[in-house]
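One structure is given below, encoded as structure tokens.
Nothing here was measured: the structure is a model prediction, and the numbers come from that model.
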Amino acid sequence: MDSGPPLRDIGCFALVARHLSFSRAAAELGVSQPAASQAVGRLERALGVRLFERTSREVRLSPAGKALLPYAEALLGSAAAFSAEARRLAAPEGADVRLAYPPPVGGLAARIARRMARHDPPAEVELWPAGRTAAVAALAAGEVTAAILAAPFPRELTTAARFHVPVGHLAVPAGDPLAGLPRLQPERLARHRVLMPRERPPGGMWARLAARVGPHLQHVAADEIDDFAAALDLVAAGVGLLPTPSLVVASVRRDDIAFVPLDAGDLRLTYALAWQGERLSAGLMALVRTAQECLWTR
């Protein structure tokens with residue numbers, strides 16, 4: 001069976017026809033101009049027709065080139081579709097959407113997954129708990145469809161469905177004298193250490209809080225504090241006190257921890273659904289709509 005001319009030569013012909021320039025086509029292909037000319041020459045010899053009329057000043061399609069160009073473009077389009085479908089079939093079966101999220105908003109992530117499972121047709125959402133650094137890296141690598149991130153948001157990402165989580169309590173050991181107070185003001189913390197993450201992006205809640213309590217009260221617990229429930233172990237061990245979001249206060253019950261209302265102004269974590277803007281898909285758009293619905297109806 002005659003397999004015909006190589007697709008790379010047909011692709012070179014189509015590019016030269018689009019630009020009417022061998023040099024611009026070569027630059028787009030990342031090859032030298034002589035290599036592009038040789039590819040078109042091979043194709044012309046294989047087909048037995050002249051595809052271009054060349055002069056010292058211009059390149060024009062010949063009548064045969066004009067007639068064959070639509071077939072070349074259709075063939076290249078079919079080849080690209082063939083490769084894309086092959087990649088889809090070769091990929092392991094998995095979720096329609098993969099969503100990274102920090103543990104404090106796991107309840108929202110679960111609601112999104114349940115609601116999308118009820119869509120017609122249903123869509124599977126694979127949930128992937130991850131801290132900020134891991135989630136941003138996974139977005140860049142295309143390993144997740146989207147991520148729920150805390151502000152400030154990386155400029156290269158598109159965001160939607162923003163929401164706020166108040167940070168209005170301080171977690172203290174159950175036996176600490178502070179545990180019996182009806183409310184805590186920052187000045188009452190002068191002899192205590194406040195657990196902080198090392199990473200505090202400017203404009204974020206942690207940066208604002210660090211400026212309020214002062215450097216002498218800060219105890220770096222980890223590069224990031226995304227899993228507040230796990231960080232409570234440090235509080236129970238007496239390592240330091242932990243500013244805690246309302247979502248965690250409402251869901252955690254521990255005998256060794258007390259949550260005292262914190263009077264430190266409007267402290268809150270701002271979250272949003274974030275994704276790489278150029279990676280739009282039907283699954284991503286459904287995820288955005290579903291996240292907004294979950295926030296509106298909670």
(request) Could you tell me which non-hydrogen atom of Gly283 sits nearest to which non-hydrogen atom of Val97, and how far apart they are? (result) O-CG2, 3.6 Å
(message) Is there a continuous path of hydrophobic side-chain contacts, each under 4.5 Å between heavy atoms, that joins Leu195 to Val220?
(response) no
(message) If I compare all heavy atoms of Asp226 with all of Gly131, which pair ends up nearest, and what's the gap?
(response) OD2-CA, 3.2 Å
(request) Please work out which of the three classes, parallel, tilted or perpendicular, describes the rings of Phe228 and Trp206, given edges at 30° and 60°. (result) parallel
(message) Assigning hydrophobic clusters by single linkage (Ile, Leu, Val, Met, Phe, Trp, Tyr; side-chain heavy-atom cutoff under 4.5 Å), is Met285 placed with Val125?
(response) yes
(message) Just so I know, are the side chains of Gln38 and Arg42 near enough to count as touching, which here means a heavy-atom distance under 4.5 Å?
(response) yes
(request) Over all heavy atoms of both residues, which pair between Arg132 and Pro154 is shortest? Give the atoms and the distance, please. (result) NH2-CD, 3.7 Å
(request) Grab the two heavy atoms, one from Ala14 and one from Leu69, that are nearest each other, plus how far apart they are. (result) CA-CD1, 4.1 Å
(request) Answer yes if Met116 and Val144 sit in the same cluster of Ile, Leu, Val, Met, Phe, Trp and Tyr residues linked by side chain heavy atoms under 4.5 Å apart, and no otherwise. (result) no
(message) Using 0.5 Å steps for rounding, measure from the CD atom of Glu28 to the NE2 atom of His19.
(response) 4.0 Å
(message) Contact between Cys12 and Asp9 at the side-chain level, heavy atoms closer than 4.5 Å - yes or no?
(response) no
(message) Go through it in stages, so that I can follow the logic: the residues are Leu108 and Tyr101, the test is side chain to side chain contact (heavy atoms under 4.5 Å, CB included), and I'd like the CA-CA distance, side-chain angles, deciding distance and then a yes or no.
(response) CA-CA 9 Å; Leu108 172 62; Tyr101 68 95; over 6 Å; no
(message) Does this structure show an ion pair linking Arg254 with Asp233, if we count only N-O contacts that are shorter than 4.0 Å?
(response) yes
(request) Write down the atom of Leu209, the atom of Met196, and the distance for their closest heavy-atom approach. (result) CG-CE, 3.7 Å
(message) To the closest 0.5 Å, what do you measure between CE (Met205) and CD1 (Ile225)?
(response) 8.5 Å
(message) Can a donor-acceptor pair be found, under 3.5 Å and without considering hydrogens, that links the side chain of Thr145 to the backbone of Arg98?
(response) yes
(message) Quick check against the 3.5 Å criterion: does Thr159 have a side-chain atom that pairs as donor or acceptor with the backbone of Ala272?
(response) no
(message) Quick one, Leu149 and Tyr271 - any side-chain contact, counting heavy atoms below 4.5 Å?
(response) no
(request) With the side chain counted from C-beta on, respond yes when Phe13 and Pro5 share a heavy-atom pair under 4.5 Å apart, and no when they do not. (result) no
(request) For Ala291 and Ala161, work out which heavy atoms get closest and say how close. (result) CB-CB, 4.2 Å
(message) Please tell me whether Leu157 and Leu99 are part of a single hydrophobic cluster in this structure, the criterion being side-chain heavy atoms less than 4.5 Å apart.
(response) no
(message) Once rounded to the nearest 0.5 Å, what's the spacing between atom CG of Leu29 and atom CG of Leu15?
(response) 4.5 Å
(request) Show your working on side chain to side chain contact (heavy atoms under 4.5 Å, CB included) between Leu232 and Val252 and close with a plain yes or no. (result) CA-CA 10 Å; Leu232 291 177; Val252 171; 3.8 Å; yes
(message) Nearest 0.5 angstrom please: Ile112 CD1 to Leu295 CG, how far?
(response) 7.0 Å
(request) Just do the side chain to side chain contact (heavy atoms under 4.5 Å, CB included) check on Leu241 and Leu178 with the steps written out, would you? (result) CA-CA 10 Å; Leu241 312 181; Leu178 296 177; 3.7 Å; yes
(message) Do Val248 and Leu184 sit in one hydrophobic cluster, given that two such residues count as connected whenever their side-chain heavy atoms are within less than 4.5 Å of each other, even indirectly?
(response) yes
(message) I need the Phe163 CZ to Cys294 SG distance, nearest 0.5 Å.
(response) 10.5 Å
(request) Apply the test salt bridge (Lys or Arg N to Asp or Glu O under 4.0 Å) to residues Glu44 and Arg54: give CA-CA distance (whole Å), side-chain angles for both, the deciding distance (0.1 Å), then the verdict. (result) CA-CA 13 Å; Glu44 288 178 325; Arg54 308 166 178 82; 3.4 Å; yes
(message) Has Glu224 got a side-chain atom pairing as donor or acceptor with Thr133's backbone, closer than 3.5 angstrom?
(response) yes
(request) Side-chain contact test, heavy atoms from C-beta onward, threshold under 4.5 Å: evaluate it for Val235 versus Phe259 and give yes or no. (result) no
(request) Using modelled atom types only, decide if a donor and an acceptor are shared between the side chain of Arg268 and the backbone of His164 within a distance under 3.5 Å. (result) no
(message) Closer than 3.5 angstrom, by distance alone: can the side chain of Ser23 be matched with the main-chain N or O of Ser21 as a donor-acceptor pair?
(response) no
(message) Assess the residue pair Thr290 and His119 against the criterion (side chain to side chain contact (heavy atoms under 4.5 Å, CB included)); give the C-alpha distance rounded to whole Å, side-chain angles, the decisive distance to 0.1 Å, and a yes or no.
(response) CA-CA 10 Å; Thr290 305; His119 283 186; 3.1 Å; yes
